Amino acid sequence: MTDIKAALRAQHIETPSWAYGNSGTRFKVFAQKGVPRDPYEKLADAAQVHAYTGIAPTVALHIPWDKVDDYADLARHARELGVGIGAINSNVFQDDDYMLGSVTNPSARVRRKATDHLLECVDIMDATGSDTLKLWFSDGINYPGQDDIRARQDRLAESLAEVYDRLGEGQRFLLEYKLFEPAFYATDVPDWGTAYAHCVKLGPKAQVVVDTGHHAPGTNIEFIVAFLLREGKLGGFDFNSRFYADDDLMVGAADPFQLFRIMFEVVRGGGLDPEAGVAFMLDQCHNIEPKIPGQIRSVMNVQEATAKALLVDREALAAAQSEGDVLGANAVFMDAYNTDVRPLLAELREESGLAPDPMTAYAKSGYFEKIAAERVGGNQAGWGA
Ligand code: RM4
Ligand code: MN
């Protein structure tokens, strides 16, 4: 139990700045009270999630949504709040120039502009002390014949190589894949194999990030996790859950068993060891639920799945597996999944001086009432700002 607790204490879950702003679907963005109006206020909300869970000490930024004049000052503000700046997420999907793609666009001018943005994100890493750049490309085509699929791979490789060369000591980038949307026929980085092949060619500072909402229905995500980890290419996760497409719902809400299976492969592959460098990030939107508690719940869901994964009796499992005891092995696995780890996690929090239930503690803190009263006027931050 001491080992399990130590592993849980060492796990860090990164929350995304964009989860604290208003978000919605293409039909409607519902404004909520107390929503941050700038990146400084987003960090203040993220600090609340860390204050009550004790395991969310970093916050991912999205550029240009979190553009500020002085990034060193933003990093200082974060430190004062007790958090740090995590991954810098690039954004080459919201400019009119990117209608036909960003780094894979047929126009050399647009490709230059997109790559320059990625390089600017590395400058922001330098200024904030962030060690991770996350690259997601919406690039792709909607119609057969629209562009040359192979040439687009060449253009992608060229841009990635330039960004890779710009990375400093201790910096890396994570390449994210997504099956479809907004491109509907052929996406340029649609799956882990494409991301992996580009990363292998580039070198050790390029790794793959698995966004749990970015696969075809029924995909065995834990297999991908096991494979990438074995190859030293699992850079991290964008956690969220989905019922149908890229729903960006709270992780562990749609399928807690899948989250457990993923976390088991992480544990099995040594990915929980901080040395492994696997970033446990959330990439979610809270369209109808309050945002700060939505993040707290999500952090807790990952922590619960991790605790269950750590509880798997690996010796008993290995014995059953080597004997070909199919039902025995499955029973060992399911025993851990069916264990209620909430008392263990409450105990862990109390040992660290935290309230046993972060949800109740936050609700009682009065923070929501305070921000709802204070944050009036100005423009609320939202998806796209
Ligand atoms: C994308 C992808 C990226 C995220 C944006 C907001 O679908 O998941 O990680 O930065 O959405
Ligand atoms: Mn993502």
Side-chain angles (χ1 to χ4, degrees), residues 13-26 29 39 42 46 58-67 85-95 98 101-103 114 117-118 120-121 124-125 130 132-140 163 172-184 187-192 194-195 199 207-216 219 221 224-225 228 234-252 254 259 262 278-287 291 294-295 298 302 381-385:
I13 296 160
E14 181 164 311
T15 74
S17 70
W18 53 102
Y20 303 100
N22 284 322
S23 62
T25 64
R26 66 185 192 276
V29 171
K42 290 182 197 173
T58 55
V59 191
L61 300 184
H62 217 298
I63 309 297
W65 302 343
D66 295 319
K67 215 174 177 102
I85 305 295
I88 303 298
N89 286 251
S90 55
N91 183 327
V92 281
F93 51 90
Q94 285 188 310
D95 190 293
Y98 300 140
S102 64
V103 295
H117 168 74
L118 306 182
E120 180 200 346
C121 287
I124 295 171
M125 292 165 72
S130 161
T132 300
L133 172 66
K134 179 135 59 70
L135 304 173
W136 173 66
F137 300 106
S138 60
D139 298 41
V163 179
R172 63 172 173 172
F173 73 56
L174 307 184
L175 181 57
E176 181 170 352
Y177 58 91
K178 179 175 173 178
L179 177 61
F180 81 102
E181 196 203 22
F184 292 116
T187 295
D188 294 319
V189 191
D191 54 22
W192 72 269
T194 308
C199 289
Q207 291 180 303
V208 181
V209 55
V210 174
D211 184 311
T212 48
H214 287 188
H215 309 84
T219 299
I221 300 174
I224 299 170
V225 169
L228 290 175
L234 181 68
F237 290 96
D238 265 7
F239 280 127
N240 50 62
S241 60
R242 55 81 66 90
F243 287 97
Y244 302 104
D246 187 18
D247 305 348
D248 281 337
L249 297 173
M250 293 189 297
V251 58
L259 183 58
I262 290 172
V278 177
F280 300 94
M281 302 173 286
L282 304 180
D283 177 13
Q284 304 181 163
C285 293
H286 304 295
N287 302 347
K291 291 143 203 314
Q295 286 289 290
S298 307
V302 175
W383 197 82

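Ligands are counted one by one from 1 in listed order, and the atoms in each one are counted from 1 as well. Computed from a predicted structure; not experimentally measured.
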Salt bridge check, Asp283 against Lys134: does any charged N sit closer than 4.0 Å to a carboxylate O?
no
With hydrogens left out, which residues have an atom under 4.0 Å from ligand 1, given that only heavy atoms count?
His62, Trp65, Asn89, Lys134, Trp136, Glu176, Lys178, Asp211, His214, Asp238, Asp246, Asp283
Would you say the side chains of Tyr20 and His286 form a donor-acceptor pair under 3.5 Å?
no
Within less than 2.8 Å, report the number of protein N/O/S atoms around the Mn ion (ligand 2).
4
Can you name the closest pair of heavy atoms from Leu175 and Cys199 and give their distance?
CB-SG, 3.9 Å
Look only at the side chain of [X] and the backbone of [Y], and say whether a donor-acceptor pair between them is shorter than 3.5 Å.
X      : Y      : result
Thr58  : Gly86  : no
Gln284 : Val251 : yes
Ser130 : Thr132 : yes
Glu14  : Ala87  : yes

The test is side chain to side chain donor-acceptor pair (under 3.5 Å); show your working for Asp247 and Asn240 and say whether it passes.
CA-CA 8 Å; Asp247 305 348; Asn240 50 62; over 6 Å; no
Please step through side chain to side chain contact (heavy atoms under 4.5 Å, CB included) for the pair Phe243 and Leu249, ending with a clear verdict.
CA-CA 9 Å; Phe243 287 97; Leu249 297 173; 3.6 Å; yes
